[in-house]
Protein chains: 2
Amino acid sequence: MKQINIKDQKKQRRSTGAVTLKDVAEIAGVAQITASRALNTPNLVSENVLNKVLHAVKQTGYVQNKIAGGLASSRSKLIAAIIPNFASSIFLETIDALNQTLVSSGYQLLLGQSNYSAEREESLLDEIIGRRPEGIFITGVLSSNDAKRKLIASNIPVVEAWDLTDHPIDMLVGFSHQNIGSSVASFLIGKEYKNLGVIQANDERAFRRSNAFIEVAIESGLEHVHVINVGDSRTVSSGKAAFCELLEQNPNIDGVFCSSDLLALGVLTQAQILKIDVPSQLGIIGFGDISLAKDTWPAMSTVRINSGQIGTISANLLIARAENQIVSDHIFDLGFTVVERQTTR
Amino acid sequence: MKQINIKDQKKQRRSTGAVTLKDVAEIAGVAQITASRALNTPNLVSENVLNKVLHAVKQTGYVQNKIAGGLASSRSKLIAAIIPNFASSIFLETIDALNQTLVSSGYQLLLGQSNYSAEREESLLDEIIGRRPEGIFITGVLSSNDAKRKLIASNIPVVEAWDLTDHPIDMLVGFSHQNIGSSVASFLIGKEYKNLGVIQANDERAFRRSNAFIEVAIESGLEHVHVINVGDSRTVSSGKAAFCELLEQNPNIDGVFCSSDLLALGVLTQAQILKIDVPSQLGIIGFGDISLAKDTWPAMSTVRINSGQIGTISANLLIARAENQIVSDHIFDLGFTVVERQTTR
DNA sequence: TTGAAAGCGCTAACAA
DNA sequence: TTGTTAGCGCTTTCAA
């Protein structure tokens, strides 16, 4: 039976109009999947086919659509990193190393910022999990328990970095903030500083460092340790102001532990303005060993952590998990070093 | 005719096993597309349906797969940013502002690093374009012409930031490096500094600033301006070393223009070590107005640019273009301010 | 306001 | 080594 079908319309979809793999395959005179193989696994394809396909790619300016590929293969080749913020550059060396390692294995970095309300944190996580990254790297702390639960439910490999928490979600690459606090206290006490103070940002990890610091100080028979909280302002000027405050509370302060090198630089600057000699009258020690710490005058004593290594190891862990390799060690304690320079005697 | 089809197997695909919209729809007792509407355009759906769907989402822990959604809708909700590197934090305030604005409109940031070979630059661009972002933000300069051509061919809206180039790819948000150079020269010359030097990183824009600087100096009848190139090391210690070099070339140097505040801080520190009085014997001016510039002692004179605003404006431009709004202004000159503090007399 | 069908552009699975 | 087919999980289009 013949049938004249005048209205044999299909549903029309706007497409992007971009060159697709199908176009490339047609021009090269091969099947679409063959073109796909030529681009993704060129060693599974004859040289002849490879050349034809590559030529067609050049000719058309084809750029692979990784969204479609990701959907088909369930491999997004995306790793997400969640950091508290960009401004506090303390994590950047880590992110830099992370990114370098990821890129060299063909992964791309999706960045999210977490310094939000619990509500915002959850929506950020929805955003990120929605992109189906093959791994998630977190430097901050998830404040919301729902967010944490969401992350676990997603079943995506996770590295929590910059810390050694008691109940890790999955993998852990960091160091002990508590040990840093006690080591720094012992260090200053060993130098016979007797009136200690702490200047710190409003940050849970800084609190763990300072609590351990205070504990050791008290155990050693020292007087009350004064603590100044500068809130979220980890700047040189906060350090200056905080040091003035500290002096008001105890004019005999002779040793200060700061939760960041910038704060420490503020203390140093203020001491110079007040003509307090560093390190004889005042010992200062920071945290982070940012690049300018060794170049202040006098050079800043501080605590160094292996920021870059944290990124590299984390990237390798996440890649290994993404590629279904067996990861035997889940927890990496990278330690720290108390760097003795000229702001302590 | 009856047919017993024992082997009616389909080709099996492993799926991720994650909850899909289909599952949610079934549980809610609606069609998949209705569930989709409930989540994306809830006002097009009855309250009853909305509640059923939301309940099913809660129950299953469903998280939307944006890869699939992106493929179907050709809207990735992704904006890519390409920066030279993470370490040189000068762009971070911009990226921070960019990200804030993007997130509040439901976009996600994909970050790429460009300080690579031309070859690497092209593959980075393939990576990025392959993800079909709806906009691309570039702070660096594309060294490869092929890369630039690729970007144009992709037809993705582009903002080039931190500069005003002569032949922009698309949109432009920045300031004139040339004008900065001449303004700083006039500024120092107006203060009667007579033996000028420049310390700069190996960076095309820094060169444009210093060339303009030198031109004005020569026009004003000054002697040869000495230039020290510190390569890629924009650190305080490079600044210290470079200032020593500068003094060797001309012991009478009394004014230095640095291509970054950190370099300037190095000069200041070295001057203090050498007991050279700032600003009477030596004027120093930096670039960037990083947060600690106002807190050095003496406080650093520098050039401020509107880093945050660059990010905000760029984000809004890219979002507007992604949403097919008309963008009338394509070029934004945000200007700069010479900030006079205490390192210049 | 809701739904059925088709298809976004690619790759996994199977077949030859 | 190459090809056929059937999806990946969603949204668009069209229809009711």
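Side-chain atoms of B/S73 lie closest to D/dT12 of the nucleotides C/dC10, D/dG9, D/dT12. The side chain of A/A31 lies closest to D/dT4, out of C/dT11, D/dT4, C/dA4.
Rounded to whole angstrom, the span from the CD1 atom of A/I33 across to the P atom of C/dA16 amounts to 17 Å. In this structure, CD1 of B/I67 is placed 10 Å from C1' of D/dG9, rounded to the nearest angstrom. Between the NZ atom of A/K22 and the P atom of C/dT11 there is a distance of 15 Å, given to the nearest Å. D/dT12 atom P lies 13 Å from atom CD of B/Q32, rounded to whole Å. Between A/L39 atom CG and C/dA12 atom P the separation is 13 Å, expressed in whole Å. For B/L21 and C/dG3, the CG to C1' distance is 14 Å, given to the nearest whole Å. The distance between atom CZ of B/R132 and atom P of C/dG9, rounded to the nearest whole Å, is 9 Å. If you take CG of B/L71 and P of D/dG7, they are 17 Å apart, rounded to a whole angstrom.
Remark: A/E122 pairs with A/K150 by the salt bridge (charged side-chain N to carboxylate O under 4.0 Å, His left out) rule, at least two apart or across chains.
A side-chain contact (heavy atoms from CB on, under 4.5 Å) with B/I27 holds for exactly one of B/V19, B/V57, B/T60; it is B/T60. Remark: of the listed residues B/T139, B/I83, B/I138, B/T139 is the sole one forming a side-chain contact (heavy atoms from CB on, under 4.5 Å) with B/W162.
In this structure, B/N316 contributes its side chain and B/I313 its backbone to no donor-acceptor pair below 3.5 Å.
Counting distance only, with no hydrogens placed and no angle test, the side-chain atoms of A/R37 and the base atoms of D/dG3 include a donor-acceptor pair under 3.5 Å.
In this structure, A/E47 places its CD atom where only 12 or fewer heavy-atom neighbours from other residues, nucleotides or ligands lie under 6.0 Å away. Within 6.0 Å of atom NE2 in B/H55, 12 or fewer heavy atoms from other residues, nucleotides or ligands are found, so the atom counts as exposed in its surroundings.
The stretch residues 41-50 of chain A comes close to DNA chain D through A/V45, A/S46, A/V49, each having a heavy atom under 4.0 Å from the strand. Near DNA chain D, meaning a heavy atom under 4.0 Å from it, residues 57-66 of chain A has no residue at all.
One finds no side-chain N or O of A/T20 lying less than 4.0 angstrom from the OP1 or OP2 phosphate oxygen of C/dG9. When the side-chain nitrogen and oxygen atoms of B/T34 are compared with OP1 and OP2 of C/dG3, one or more of them lie within a distance under 4.0 Å.
Closest non-hydrogen pair, A/K77 versus A/G106, comes out as CD-O, 3.5 Å. Smallest separation of non-hydrogen atoms from B/A315 and B/L102: CB-CD2, 4.0 Å.
A/L78 contributes atom CG, which lies 9.5 Å from atom CD of B/E127 (distance to the nearest 0.5 angstrom).
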